[in-house]
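See structure below.
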Amino acid sequence: SLQERLQGIFQKLKRRGKLSEEDVNLALREIRIALIAADVNIKVVKQFTKKVKEAAIGEEIWHSLTPAQQVIKIVKDELVDLMGSVNQKVNMAETPPTIVMMVGLHGSGKTTSTGKLAMHFRTQGHHPLMVATDIYRPAAIKQLEVLGKQIDIPVFQLGDKTAPVNICRGALKYAQDNLNDIILIDTAGRLHIDEELMDELKEMKAEIRPSEVLLVVDSMIGQDAVTMAKSFNESIGIDGIVLTKLDGDARGGAALSVRAVTGKPIKFVGVGEKLSALELFHPDRMASRILG
Amino acid sequence: FRLRDVIDDDFWDELEEILLTADVGMDTTEYIIEEMKEAVDEHYIEQPSHLYEVMKDKLSEIMEKENSDMIMNEDGLTIILVVGVNGTGKTTSIAKMANRYMQEGKKVIIAAADTFRAAAIEQLEVWTRKLDIEIIKHKEGSDPSAVVYDAVVASLARRADVLIIDTAGRLHSKVNLMNELQKIRKVIKRNCPEGPHETLLVLDATNGQNALVQAKTFQKAIDITGIVLTKLDGTARGGIIIAIVHDLNVPVKFIGVGEGVYDLRPFDARNFLDALFA
Ligand SMILES: Nc1nc2c(ncn2[C@@H]2O[C@H](COP(=O)(O)OP(=O)(O)OP(=O)(O)O)[C@@H](O)[C@H]2O)c(=O)[nH]1
Ligand SMILES: Nc1nc2c(ncn2[C@@H]2O[C@H](COP(=O)(O)OP(=O)(O)OP(=O)(O)O)[C@@H](O)[C@H]2O)c(=O)[nH]1
Ligand SMILES: [Mg+2]
Ligand SMILES: [Mg+2]
């Protein structure tokens, strides 16, 4: 573990007496290795270890009795500081309905998370409506309808021959008539480098003006997390992140990367395939997981 | 090409950055750099472009396996079991493979053994209708092993050339779900002793180091014979596959490069490496 490796380093260093800049860098190297192994983006790791170094030097820990533990604590605190957010709630509209748009790469868990959020909001006393705008993936609309049936939440769809922006328009009208106060828009998986599909998203966003755009990210994602998140944020602007499949054993360094590059908070985590498997994001738990 | 025209410390730093960014992972990156430093000394390499060719040669040796082609049963049924974690592209890859075999004149049957996920069977049915292929399915919620049993028996009876089995996505860390796969494999073996002829693990190229854990866990549970690496049409490079192929001694058989039925290519190590270092 990182703690054991740091202890090994500090044992050697203590025997040699005073600590040099190079010795400090040895410890930072171990932290870097641990974070890269956890899939934190290498550029984010560089910035992060710099912050840790400053914090560590400022604390004069290098001569303490338990330097390894102290370093780990500093690293964890920095991780929590970076990933933590005061506001983990979905931005609600001033006047209903609140519109939430789910976006992200293929297979990241958007459709399932749409169902989970619908269930979450209904538990809080809202009247959600889910909207099926994935007109590309075979049986995508059916998938959302099946989820809707499971939790008795309506799904608005206009089939797969109508443009997503028009489906959204129809959904707004439907929500008005049926007094739905939260509209959850499931969108098709897309590459951030697919101009046409990113334009489609821009068009939808301009039309329905959501108060919340959630980027759904698979927690197993590697270095590409930064390129992808930056691109989605620059193209359409995101408000928050949903990190999925955390019931697996991926270290989830993407949590740090995506937060670092977009500045947006992780609001929810997916912890299973059931629609009840949605939790609020806990930065301290995520920090421990990333450090392994 | 690269901005560097000399092999110096900056060059090695840049190479490390390229490899790590491609998800090659720390251990494999260190290994590659050590090997290349030796190569520079042994062969007096001076040009970065020359070193890149040497590196690609070396990595091609690791990635090219003699059994990179699909193992087809020339006189009887070939059973292909497709597995992997959630959302990697199993169902889509199966449609692509089915299309390929049909175009080769083979009789293909597909088993819808994902009886769990919402509209999983319907998703496969859209494909089988489009390709005009027979699908063996039960109701949602039924036992996947029962679907597999019916599919193997039907494929043998109907003298199909290829049976491709779609399974539900499952996290490798879930023991009961991995046990379910072992049960499916037993059902296949009981009714077709030489099967499954191929057990393909579908990996998402956007995954990081966890892909190696996935591969090792699946291999331990049900013995993987090949890998399909999907979503290489994105910006992720799938570099973790180098460690996977090396450590598991399993070949990559296909890559997925899009959502369309033709977006499947046989794995070519050199093309893959050219793209990785592009
Ligand atoms: N174990 C686990 N599986 C999940 C989680 N969230 C989603 N899944 C599974 O991941 C797979 C993909 O989920 P989808 O909701 O279809 O993903 P998507 O982003 O809508 O996919 P596309 O629409 O094709 O882009 C399914 O098998 C889901 O059951 C999670 O938190 N944990
Ligand atoms: N861009 C791209 N998308 C792909 C590729 N392969 C699959 N997809 C997309 O990835 C998403 C998930 O594909 P599926 O075939 O449903 O994945 P799966 O592994 O069967 O998912 P589960 O059964 O839920 O575990 C869909 O949106 C596919 O269109 C690929 O090679 N490139
Ligand atoms: Mg979807
Ligand atoms: Mg599937």
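Convention: sequence-line order gives letters A, B, ...; per-chain numbering from 1. Predicted model only: the values in this text are computed from it and were never measured.
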At their closest point, which heavy atom of [X] faces which heavy atom of [Y], and how far apart are they?
X: B:Ala119; Y: A:Ala139; result: CB-O, 4.0 Å
X: B:Ser173; Y: A:Gly248; result: OG-CA, 3.7 Å
X: A:Ile33; Y: B:Met26; result: CG1-SD, 4.3 Å
X: B:Ala118; Y: A:Leu147; result: CB-CD2, 3.8 Å

Quiz item: Can any side-chain N or O of A:Lys142 pair as donor or acceptor with the backbone N or O of B:Glu122 at less than 3.5 Å?
Solution: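 Checking the backbone N and O of B:Glu122 against the side chain of A:Lys142, no donor-acceptor pair under 3.5 Å is found.
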Tell me whether the count of non-hydrogen atoms from other residues, nucleotides or ligands lying under 6.0 Å of [atom1] in [X] goes above 12.
X: A:Arg29; atom1: CZ; value: no
X: B:Asp9; atom1: CG; value: no
X: A:Lys202; atom1: NZ; value: yes
X: B:Gln103; atom1: CD; value: yes
X: B:Lys137; atom1: NZ; value: no

Practice problem: Quick one: which of B:Asp233, B:Thr230, B:Thr92 has the most heavy-atom pairs under 4.5 Å with chain A, could you say? | Solution: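 Of the options given, most contacts go to B:Asp233.
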Check each atom of [X] against the heavy atoms of chain B and say whether the ones under 4.5 Å are side chain, backbone, both or neither.
X: A:Gln143; result: both
X: A:Ala37; result: backbone
X: A:Arg137; result: side chain
X: A:Asp247; result: both
X: A:Ile221; result: both

For [X], which atoms come within 4.5 Å of any heavy atom of chain A: side chain, backbone, both, or neither?
X: B:Gln123; result: both
X: B:Lys130; result: neither
X: B:Arg237; result: neither
X: B:Asp27; result: neither

Going from [atom1] on [X] to [atom2] on [Y], what distance comes out if it is rounded to the nearest 0.5 angstrom?
X: A:Asp218; Y: B:Asn86; atom1: CG; atom2: CG; value: 8.5 Å
X: A:Met220; Y: B:Leu203; atom1: CE; atom2: CG; value: 10.0 Å
X: A:His106; Y: B:Thr206; atom1: NE2; atom2: OG1; value: 10.5 Å
X: A:Glu273; Y: B:Leu177; atom1: CD; atom2: CG; value: 7.5 Å

Quiz prompt | Note: B:Glu17-A:Lys43 ion pair, threshold 4.0 Å (strictly below) | solution =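 Looking at B:Glu17 and A:Lys43, the cut-off is met.
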Quiz item: So, B:Glu16 and A:Arg32, do they make that salt bridge, N to O below 4.0 Å?
Solution: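 A:Arg32 and B:Glu16: salt-bridged.
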Practice problem: Could you tell me whether the side chain of A:Gln223 reaches within less than 4.5 Å of the side chain of B:Leu20, counting heavy atoms only? | Solution: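 They are not in contact (no side-chain heavy atoms under 4.5 Å apart), so the answer is no.
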Self-check item: Side-chain touch B:His172/A:Asp249, heavy atoms, less than 4.5 angstrom
Solution: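 Result yes, sub-4.5 Å side-chain heavy-atom pair found.
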Exercise. With a 4.5 Å heavy-atom cut-off (strictly below), which parts of residues 112-120 of chain A touch chain B? List them by number.
Key: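 So no residue qualifies.
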Quiz item: Do you know which of A:Val146, A:Ile42, A:Asn41, A:Ile36 has the most heavy-atom pairs under 4.5 Å to chain B?
Solution: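 Winner by heavy-atom pair count: A:Ile42.
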